[in-house]
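Written below as structure tokens is the structure these notes are about.
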Amino acid sequence: MKYSSFFIPSLKEDPKEAVLKSHKLLLRAGYVRQLAGGIYTYLPLGLKSLRKLEDIIRQEMNSTGAVELSMPFVQPLDLWKESGRDEDYGKELLRFKDRQDRDFCLAPTYEEVITDLVKKNVKSYKELPLTLYQIHLKFRDEMRPRFGLMRAKEFIMKDAYSFDADEAGLDESYRKMKRAYENIFNRLGFNFKFIKAEAGEIGGNYSEELMVFSEYGEDTIVICENCGYAASTSEADSISDYHGPLESCRQPRMTKLFTPDKKSVEEVGEYLKVDKVCFAKTLIYETESGFIAAMVRGDREINERKLKKAAGIKNLFLAKERDVEKITGAPCGFAGPFGLNSLNLIIIDEEINNSEYWITGANEKDAHMANVKPGRDFIPDIVANIRTVQAGDKCVRCSGALSVKNAIELGHIFKLGEKYSSILNAKFLDEEGESRFFVMGCYGIGIGRTLQTLIEVFSDDNEINLPVSVSPFALAIVNLNVNDERITAVSEKIYGGLTTMGIDVIYDDRKLSAGIKLKDIDLIGIPFKIVVGNRTIKNNKYELNIKKDNTIETFDDLESLYKRIRELLS
RNA sequence: CGGGAUGUAGCGCAGUUGGUAGCGCACCUGCUUUGGGAGCAGGGGGUCGCAGGUUCAAAUCCUGUCAUCCCGACCA
């Protein structure tokens, strides 16, 4: 491909709408352009890269026996009403009407359509197991799309759906798919991990997320280097810590401390010169069944998901200031676990119960209470693990030190069981002639997000760096001076030679100064580069630049150059 | 949906107390250049996001609205 006839609108400066390195690079290198918030055009370069990524995924999917198809992006809303997800999905499901005034929606996912398809076309256990997949658009009307392709409203996904006769079959399909995912992400060179996850809107019995470690990931996950334990921060558990109480706090009754204008644990700790771990903080939450108080150690955060579960409630948010004042009789910042009005429940973290003599708020302006002892000074209704794991905590499995890392979710695999087949009444006949629901699984990979993550993880601030397998071109030839006949002759000879060899080459034949062309080629991320200029002619040697190692190899003749390239690309 | 920021040439930005809009890069023409974002000369390009209002006069002040981005909530 000649650069002059291709379309690569590269940008010299960072576009102001991008913050994330990978997002800036995608725009600067002419891979994508935004049309509206969360809606992108893939430019030729981005599309080439995307296709290569898709092919890797296709190969691995096909090798598990999965079969590709393509389902409609526009779907009748009736199907969603039937499954009940018309309501469940809420505003993320974009609805509209056709000219006949019939309701339709843009597909945020395809469980309904695939289940309907299989229901109508698969009748016997003899046709199972069956795994179907597709690679194409989904649309979710996100409240806040951001970071380029990382969280877009319209995005490309690989989604696969398995159909089995029973649970054992599902387990096998799931296992195969998980292995395919491992192959895919290993081929891409990612450092990743599967973690157990909440099933969310898709639902089902069991699911795992494929997380790739990256500083800028939107998710935080907890991992144990020692035993391999990994879980999302919202799920992770750690062994309760025990901090012995301060000697000075070991008193037979509570003692009031004067803490003028000191509200946060931070402020009070500094004022009293006491470590944050000696505090127990009390937070008031509003729930569907009234107000509750929750306590964790001063240096910790409450895990609201765990709190909901332990308290048996669904909705939870921090009480408004005015309500806190009503309940505690003091301004925000001085809440303690005793003498609380109109409160339904006090739930405390295990760590609070394990130790004694805490410092808490005194429910009085400018005062805190020391020597507070659970069971003596207040009676908790529930003791449970309601804290968020933090770095340094002890692993629940092996007591090793846990660390907390940011990660990006690139894949999610689910055991759905009979969730959709039962709702949509999708059945087959088993060996005994009995009618049974299909046992399903579903498996997704965010493709655009994966492409951007490759760039995020492997590139530096000014140059995209992609593995050869997904780079838009394998090799670039840069003609430094198209006005020089000798240089052009050599460039074109190499271009012809490599093209004949079937190598995906981009040849920069533009009438521009050398610097611009070199910068552009480096920016767009081509792994190998042959520069042809005066030096080539003078020395009668060919130069091959290997981007990954930042090295240059020189060759006396084209044969040895071609041989080396063939070697590098194999 | 709450909080915040920004909308001026293709891109990045400046524009003071209100007085008829500018810089860099890019673009076009010509010549000279070509191993890391070239030089000289000439040139084109704007409904200052949009709609109202105040004023003799609005990019500038006021009101509304739309868009984009960030934080949060939400979702995965």
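Chain A is the first sequence line, chain B the second, and so forth, proteins listed ahead of strands; every chain is numbered from 1.
Taking atom CG on Asp508(A) and atom P on G35(B), their separation rounds to 14 Å, with Å as the unit. Across the protein-nucleic acid pair, Ile521(A) atom CD1 and G35(B) atom P stand 17 Å apart, rounded to whole Å. In this structure, Asn545(A) atom CG and G35(B) atom C1' are separated by 12 Å, rounded to whole Å. Met143(A) places its CE atom 14 Å from the C1' atom of A76(B), with the value rounded to the nearest Å. For Arg33(A) and G10(B), the CZ to P distance is 14 Å, given to the nearest whole Å. As a whole-Å value, the separation of Asp219(A) CG from C75(B) P is 13 Å. Residue Lys24(A) contributes atom NZ, which lies 13 Å from atom P of G12(B) at whole-angstrom precision. Between the CD atom of Glu142(A) and the P atom of C69(B) there is a distance of 13 Å, rounded to whole Å.
More than 12 heavy atoms of other residues, nucleotides or ligands shown are found within 6.0 angstrom of CZ on Arg175(A). Atom CZ of Arg95(A) has more than 12 neighbouring heavy atoms from other residues, nucleotides or ligands inside a 6.0 Å radius. When the shell of 6.0 Å around CG of Asn550(A) is examined, it contains 12 or fewer heavy atoms from other residues, nucleotides or ligands.
Asp484(A) comes within 4.0 angstrom of no nucleic acid atom, judged by non-hydrogen atoms across all strands. Residue contacts for Phe147(A): at a heavy-atom cut-off of 4.0 Å it reaches the sugar-phosphate backbone alone, with no base atom in range. Among the protein residues, Arg510(A) comes within range of no part of the nucleic acid, since none of its heavy atoms lies under 4.0 Å from any strand. Counting non-hydrogen atoms under 4.0 angstrom, Glu218(A) reaches nothing in the nucleic acid. Residue Glu409(A) is in base contact, counting any heavy-atom pair closer than 4.0 Å across all strands shown. No engagement by Lys517(A) is indicated, since no non-hydrogen atom pair under 4.0 Å with the nucleic acid exists. When heavy atoms are screened at a 4.0 angstrom cut-off, Gly37(A) is found touching the sugar-phosphate backbone but no base atom. Across all strands shown, Val19(A) has heavy atoms under 4.0 Å from sugar-phosphate atoms exclusively, and none from any base. Within 4.0 Å (heavy atoms only), Lys529(A) reaches at least one base atom of the nucleic acid. Ala18(A) comes within 4.0 angstrom of no nucleic acid atom, judged by non-hydrogen atoms across all strands. Residue contacts shown for Glu304(A) are absent, as no nucleic acid heavy atom lies under 4.0 Å away.
Note: Tyr420(A) and Tyr161(A) fail the aromatic proximity criterion, with ring centroids not under 6.0 Å apart.
Below 30°, between 30° and 60°, or above 60°: for Tyr40(A) and His23(A) the angle between ring planes is above 60°, a perpendicular geometry. Ring-plane geometry between His136(A) and Tyr110(A) is classed as tilted, the angle between the planes lying from 30 to 60 degrees on a 0 to 90 degree scale.
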Measure all distances between protein nitrogen or oxygen atoms and nitrogen or oxygen atoms of nucleotides 25-32 of chain B, and list the pairs falling under 3.5 Å.
none

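For the pair Asn479(A)/Tyr507(A), a side-chain contact is recorded, criterion being any heavy-atom separation below 4.5 Å from C-beta on. The shortest side-chain heavy-atom distance between Glu418(A) and Leu170(A) does not fall under the 4.5 Å cut-off. Leu25(A) has its side chain out of reach of Asp461(A): every pair of non-hydrogen atoms, C-beta onward, lies at least 4.5 Å apart.
In this structure, Gln34(A) reaches the C69(B) phosphate: one of its side-chain N or O atoms is under 4.0 Å from OP1 or OP2. Applying the 4.0 Å criterion to OP1 and OP2 of C69(B), one finds that Arg144(A) has every side-chain N and O outside that range.
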Worksheet item: Where does RNA chain B pair, written as one dot-bracket string 5' to 3', with Watson-Crick or G-U pairs under 3.5 Å, ( ) inside the strand, [ ] for crossing pairs and | for another strand?
Response: (((((((..((((.....[..)))).((((((.....)))))).....(((((..]....))))))))))))....
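A gap of 36 Å separates the P atoms of C23(B) and G64(B), to the nearest Å. For the P atoms, the distance linking U33(B) with G19(B) amounts to 48 Å, nearest Å. For the P atoms, the distance from A14(B) to C66(B) is 26 Å, rounded to whole Å. The P atoms of G39(B) and G24(B) are separated by 12 Å, rounded to the nearest whole Å. As rounded to the nearest Å, A38(B) and U60(B) have C1' atoms that lie 39 Å from one another.
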Worksheet item: Which is it for Glu218(A) and Arg146(A) under the salt bridge (Lys or Arg N to Asp or Glu O under 4.0 Å) test, yes or no, and what are the steps along the way?
Response: CA-CA 11 Å; Glu218(A) 283 190 87; Arg146(A) 60 188 132 169; 3.7 Å; yes
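The side chain of Ser513(A) sits closest to A38(B) out of G35(B), A38(B), C71(B). With C75(B), A76(B), C71(B) as the choices, the nucleotide that has an atom nearest any side-chain atom of Glu92(A) turns out to be C75(B). Closest contact between the side chain of Asp520(A) and the listed nucleotides A73(B), G37(B), A76(B) involves G37(B). Distances from the side chain of Leu518(A) to the nucleotides A73(B), G36(B), U6(B) place G36(B) closest. With distances taken from any side-chain atom of Lys519(A) to the nucleotides C70(B), G37(B), G35(B), the minimum falls on G37(B).
Two residues, Val482(A) and Ala36(A), neighbour RNA chain B, and the one matched to the more 5' nucleotide by heavy-atom proximity is Val482(A). The nearest heavy atom of RNA chain B to Lys16(A) and to Arg28(A) marks one nucleotide each, and the one closer to the 5' end goes with Lys16(A).
Between the side chains of Glu301(A) and Thr388(A), not a single donor N or O lies within less than 3.5 Å of an accepting N or O. Looking at Ser83(A) and Glu112(A), their side chains do bring a donor and an acceptor atom within 3.5 Å of each other. A side-chain donor-acceptor contact under 3.5 Å links Glu208(A) and Tyr174(A).
Within 3.5 Å, no donor on the side chain of Glu17(A) pairs with an acceptor on the base of G7(B), nor the reverse. Interface remark: the Arg151(A) side chain does form a donor-acceptor pair with the C75(B) base, using a distance-only criterion of under 3.5 Å. Counting distance only, with no hydrogens placed and no angle test, the side-chain atoms of Asn481(A) and the base atoms of G35(B) include no donor-acceptor pair under 3.5 Å.
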